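Notes follow once the structure below has been shown.
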Amino acid sequence: MRRRSLFPQVVIDRDTESEESSSDDEEEEGEANVVLPEEETIEESKNKGKTSITITLKKVCKVCKKTGHEAGFRGATYIDCPMKPCFLCKMPGHTTVTCPHRVATEYGVPHKNTTNPLEFVFQRQLHPRVSPIKPAYVIPDQVHCAVIRYHSRRVTCLEFHPTNNNILLSGDKKGQLGIWDFGKVHEKTVYGNIHNCILNNIKFNPTNDGSIYAASSDGTISCTDLETGISFSLMNLNPNGWEGPSSWRMLYGLDVNSDRNVVLVADNFGYLYMADIRSNNIMNKPTLIHKKGTKVVGLNCNSLQPDLLLSCGNDHFARIWDMRRLEAGSSLYNLEHKRVVSSAYFSPLSGSKILTTSLDNRIRVWDSIFGNLDYPSREIVHSHDFNRYLTAFRAEWDAKDSSESLVVIGRYISENYDGAALHPIDFINISTGQLVAEVMDPNITTISPVNKLHPREDILASGSSRSLFIWRPKKLDIAHPRQEKRMVLCGEVSKTHSKQHGDKSDDDSENDIFRSKDNGLKQKKLASKSSSYSSRGS
DNA sequence: AGCCTATGCAGCC
DNA sequence: TGGCTGCCCTAGGC
């Protein structure tokens, strides 16, 4: 606070008499550690034996510490540091504002409301002569209901119930499991005693849709009965407890192979583990499937060819395996990426395509039929690289799309939407590279890295910070006009186990519910035009 | 209100 | 390899 208020003028009292300095002086010296570029003015005067120095600081770019420019928000538009490579495509020579991969927004193309799918095209097709075809995708573009601050930490994963269309499961950084019946908006449960740190992935038991498996950074796989919340550990990789970070195992990737009745998980040291669903026994020895010592963040079984397994991780590879011959180094293909691969999924219907998300800000499609797996058949530049404090973004297929071309992923960088800096959720046609729709709500000012499309209905579930949102197509919502009752505000959830039915806070108005500490801060950062906010989406 | 800082992060030097 | 640093991040605490 003090530094901000003094900026750009700092007055330093320096003790010239002795080497020893009082605690006050030390504090002031701390202030003087601010970078002092060329143009500071120093003025000294004797005052009670101390030398007083007045320094005028020239503003410095917070990114490169150089003068002459400043990175940061101008209103709701972020201006990059020109000394760095493009924040979006990572190439030198330009910034995000002039990046050819950026969706044109405030620079010419008018923004309409989100009623119709927006028509902005990423200029990034590998085959630019192929004219983009816009299928009649149905985009869930309007918030239908939400649970605000449902989780006590950020949401890490989402999973729809395989048979009950209204049930959404969610996991968070603290290890808690949420069960939300968004059909009866107020029916929500949180189990807090299953895991004690990050719940990385959830999968339903294929033989019993009343129970789920979850992989956690506490090193266990849990099997939980959804009705009772009673769970047992299928696997515990840290039976001796904490013995330091070099030995603590965390489980990330998780999938279930229903043909083989196997649960597969992978850890932060590159190993794959398997457990038999029927006997609950751990099978075989762990197999090194990625570079030793690196995190395996994703596992995915091919739904059509049960012998195929896909993995991805921090060694910058996605790898394809034959389940019949699983041993270190025996992968069928190694899909190379420039940075960490946060997700890799087989296409849901044919299983012949692979969709990967890498921290190099590219979504890649690998086609085993119309291409080879040596190179991706398409690379789409998209902003999803992040720094910290966020769940990793994962591009996911729309299982309802028979053409296997529609994909959803949250966007990291914000866009200036009528003066508000919002982070949309993008729908991308991966066969053309076209941005089919960018979905946002002016009340959601935080990033939405976790997104899941409903396997059977035109519904999108998104997790943003601690909150969950259900999106439906606007035209369908006419039959179900948005009501205040659809928004549920959750306070803190108890640490152990809490069931919440029909909270009293439900009667809050919509605006009150959305208004949070975080929201207030963010809006202040926005441009003054926030009054046009409320006109959007109405 | 404004800081600070956590960061079972990742990257880089 | 280890230690430092970090561009649009978040929540919580002082």
Side-chain angles (χ1 to χ4, degrees), chain A residues 1-7 30 61-66 69-88 90 95-97 102 149 151-156 172-175 195-200 215-220 237-238 241-252 267-269 293-295 297 313-316 338-342 358-361 383-393 410-416 420-424 445-449 463-467 492 516-522 524-526:
Chain A
M1 181 162 66
R2 181 162 45 154
R3 179 166 300 171
R4 174 65 63 89
S5 62
L6 290 173
F7 206 80
C61 174
K62 66 180 177 184
V63 178
C64 69
K65 316 292 185 223
K66 292 193 173 72
H69 64 273
E70 271 189 287
F73 276 101
R74 308 272 189 285
T77 303
Y78 192 92
I79 307 299
D80 284 357
C81 170
M83 310 302 284
K84 291 277 188 172
C86 173
F87 192 54
L88 175 57
K90 316 269 191 188
T95 63
T96 309
V97 164
R102 187 176 176 87
R149 283 186 280 170
H151 281 275
S152 55
R153 289 290 182 272
R154 64 165 207 252
V155 173
T156 52
D172 72 22
K173 190 175 182 292
K174 217 175 174 183
H195 292 286
N196 46 45
C197 64
I198 310 179
L199 209 169
N200 289 305
S216 164
S217 289
D218 64 14
T220 68
L237 298 186
N238 301 302
W242 179 258
E243 292 173 333
S246 59
S247 63
W248 184 259
R249 291 180 180 177
M250 297 176 269
L251 289 174
Y252 286 85
D267 72 5
N268 56 327
F269 293 119
T294 65
K295 191 199 287 182
V297 289
N314 283 21
D315 65 353
H316 300 195
K338 291 196 184 71
R339 279 184 61 192
V340 161
V341 189
S342 0
S358 171
L359 287 193
D360 65 357
N361 266 356
S383 170
H384 49 260
D385 183 21
F386 62 101
N387 195 351
R388 285 166 290 185
Y389 318 127
L390 283 183
T391 304
F393 293 79
R411 197 191 300 174
Y412 178 67
I413 53 174
S414 62
E415 209 69 63
N416 184 341
L422 302 176
H423 306 267
T445 54
T446 46
I447 295 172
S448 303
S464 189
S465 183
R466 297 165 52 185
S467 305
E492 289 291 327
S516 66
K517 178 185 174 184
D518 151 68
N519 227 354
L521 287 173
K522 192 85 175 190
K524 210 191 148 193
K525 198 158 70 176
L526 307 181

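So that the names make sense, note that chain A is the first sequence line, chain B the second, and so on, each numbered from 1. The analysis underlying the following values was restricted to heavy atoms, covering all of them including side chains, and did not include hydrogens, waters or symmetry mates. Quantities reported herein were computed from a predicted structural model and do not represent experimental measurements.
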Below the 4.0 Å mark, does [N] have OP1 or OP2 next to a side-chain nitrogen or oxygen of [X]?
X	N	answer
A:R339	B:dG11	yes
A:H316	B:dA10	no
A:K84	C:dG6	no
A:R466	C:dG12	yes

Nearest to the side chain of [X], which nucleotide is it out of [options]?
X	options	answer
A:V340	B:dG8, B:dA10, C:dC7	B:dA10
A:N314	B:dA10, C:dG6, B:dG8	B:dA10
A:Y412	B:dA10, B:dG8, C:dC8	C:dC8
A:Y78	C:dC8, B:dG8, B:dA10	C:dC8
A:S217	B:dG8, C:dC7, C:dG12	B:dG8
A:I198	B:dG8, C:dC7, B:dC9	B:dC9
A:L390	C:dC8, B:dA10, C:dT10	C:dT10
A:W242	C:dC8, B:dC9, B:dG8	B:dG8

For the [atom1] atoms, the ones on [N] and on [M], what distance do you get once it is rounded to whole angstrom?
N	M	atom1	value
C:dG6	C:dT10	C1'	15 Å
C:dG13	B:dG8	C1'	22 Å
B:dT7	C:dC14	P	15 Å
C:dC7	B:dG2	P	23 Å

Legend entry - Candidate list A:D267, A:N268, A:N238, test side chain to side chain contact (heavy atoms under 4.5 Å, CB included), partner A:W248, passing option: A:N238
Please report, rounded to the nearest Å, how far the [atom2] atom of [N] is from the [atom1] atom of [X].
X	N	atom1	atom2	answer
A:K173	B:dT7	NZ	P	7 Å
A:R411	C:dC7	CZ	P	21 Å
A:L359	B:dC12	CG	P	11 Å
A:D315	B:dG11	CG	C1'	15 Å
A:F386	B:dC9	CZ	P	10 Å
A:D385	C:dC7	CG	P	10 Å
A:H384	C:dC7	NE2	P	17 Å
A:N387	C:dT5	CG	P	14 Å

For [X], answer base if it contacts any base atom (sugar-phosphate contacts may also be present), sugar-phosphate if it contacts only those atoms, and nothing otherwise; contact means non-hydrogen atoms under 4.0 Å.
X	answer
A:K338	nothing
A:R249	nothing
A:F87	base
A:Y252	sugar-phosphate

Inset, instruction - With the side chain counted from C-beta on, respond yes when A:D385 and A:K90 share a heavy-atom pair under 4.5 Å apart, and no when they do not. - result: yes
Inset, instruction - Can you measure from CG (A:L390) to CZ (A:R154) and round to the nearest 0.5 angstrom? - result: 7.0 Å
Legend entry - Given DNA chain C, 5'-ward residue of the pair A:I447 and A:P85, judged by closest heavy atom: A:P85
Legend entry - First of A:S464 and A:T96 reached from the 5' end of DNA chain C, by closest nucleotide: A:T96
Legend entry - pi-stack flag for A:Y389 and B:dT7, centroid dist under 5.5 Å, interplanar under 30°: no
Sub-3.5 Å donor-acceptor pair from the side chain of [X] to the main-chain atoms of [Y], do we have one?
X	Y	answer
A:R153	A:K173	no
A:N314	A:T294	no
A:T95	A:P82	no
A:H384	A:G410	no

Inset, instruction - Over 60° means perpendicular and under 30° means parallel, so classify the ring planes of A:F393 and A:Y412, tilted if in between. - result: perpendicular
Inset, instruction - Using the side-chain hydrogen bond (donor to acceptor under 3.5 Å, both in side chains) rule, take A:H423 and A:S448 through it: C-alpha gap first, then chi angles, then the decisive distance, then the call. - result: CA-CA 7 Å; A:H423 306 267; A:S448 303; over 6 Å; no
Inset, instruction - Verify side-chain hydrogen bond (donor to acceptor under 3.5 Å, both in side chains) between A:T156 and A:N200, making sure each step is shown before the conclusion. - result: CA-CA 6 Å; A:T156 52; A:N200 289 305; 5.8 Å; no
Legend entry - Secondary structure of DNA chain C in dot-bracket form (Watson-Crick or G-U wobble, distances below 3.5 Å, | marking inter-strand pairs): .|||||...|||||
